[in-house]
Colleague: 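My questions all concern the structure below.
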Amino acid sequence: MASAANKAGKYRGRILRPIPYEDGSGVRQVAPVGSYDIAEVGEHLQFFAEGFDPFQMPRKHALQHHKVGNLEIEDWQS
């Protein structure tokens, strides 16, 4: 059985420190620390976790936080 990380555009990840970002409407948000299922949606990553409302973050912004260690994503080719 394939895991979510093996399906194109779907990953598992952890936000290690809160990440500020702007949602699609330009409203400032903060992504909470936790484990997430992550899906690529165009130029955004969508985060899903039990107990949290799903949210999207611009892919480029997530990549910056991935590089500095605030966000770990399994099997993500950046």
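Reckoned from all heavy atoms, side chains included, excluding hydrogens, waters and symmetry mates. One is the number of the first residue; the rest follow in order along the sequence.
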Colleague: Any chain of hydrophobic side-chain contacts (each under 4.5 Å) joining I73 to F52?
Modeller: yes
Colleague: Give, for atom CD of Q46 and atom NZ of K10, the distance between the pair rounded to the nearest 0.5 Å.
Modeller: 9.0 Å
Colleague: How far apart are the closest heavy atoms of P18 and V30, and which atoms are they?
Modeller: CB-CG1, 3.6 Å
Colleague: Roughly how far, to the nearest 0.5 Å, is CD of E50 from OG of S35?
Modeller: 11.5 Å
Colleague: For R59 and G42, indicate whether the former's side chain and the latter's backbone hold a donor-acceptor pair under 3.5 Å.
Modeller: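 Checking the backbone N and O of G42 against the side chain of R59, no donor-acceptor pair under 3.5 Å is found.
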Colleague: Taking only residues two or more places apart in sequence, or in another chain, which ones meet H44 in a ring pair (Phe, Tyr, Trp, His ring centres under 6.0 Å)?
Modeller: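 For H44 there are no ring pair (Phe, Tyr, Trp, His ring centres under 6.0 Å) partners, ignoring immediate neighbours.
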Colleague: Would you indicate whether the side-chain heavy atoms of Y21 and R28 approach each other to under 4.5 Å?
Modeller: no
Colleague: Are F48 and F55 near enough that their ring centres are under 6.0 Å apart?
Modeller: no
Colleague: Answer yes when R12 and D37 have at least one side-chain N-carboxylate O distance shorter than 4.0 Å, and no when they do not.
Modeller: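 Between D37 and R12 there is a salt bridge, with a charged N closer than 4.0 Å to a carboxylate O.
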Colleague: Run the side-chain contact (heavy atoms from CB on, under 4.5 Å) check on E22 and V27 step by step: do they pass?
Modeller: CA-CA 5 Å; E22 286 188 14; V27 175; over 6 Å; no
Colleague: Give me the atom names and distance for the closest heavy-atom approach of E72 to H66.
Modeller: CA-ND1, 4.2 Å
Colleague: List the atom of A31, the atom of I15, and the distance in Å for their closest heavy-atom pair.
Modeller: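 Scanning both residues completely, I find the closest heavy atoms to be CB-CD1, 3.6 Å.
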Colleague: How close do L16 and G69 get, counting heavy atoms only, and between which atoms?
Modeller: CD1-O, 3.4 Å
Colleague: Test your reading of the model: is there a side-chain donor-acceptor pair from R17 to the backbone of H65, 3.5 Å cut-off?
Modeller: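 Not at all, since once roles are kept as given, no pair shorter than 3.5 Å links the two residues.
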Colleague: Find out whether L71 and R14 are in side-chain contact, i.e. whether some heavy atom of one side chain is under 4.5 Å from a heavy atom of the other.
Modeller: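 No, their side chains stay 4.5 Å or more apart.
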Colleague: Nearest 0.5 angstrom please: F47 CZ to M57 CE, how far?
Modeller: 4.5 Å
Colleague: Heavy atoms, side chains only, cut-off 4.5 Å: are I19 and H61 in contact?
Modeller: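 A side-chain contact under 4.5 Å exists here.
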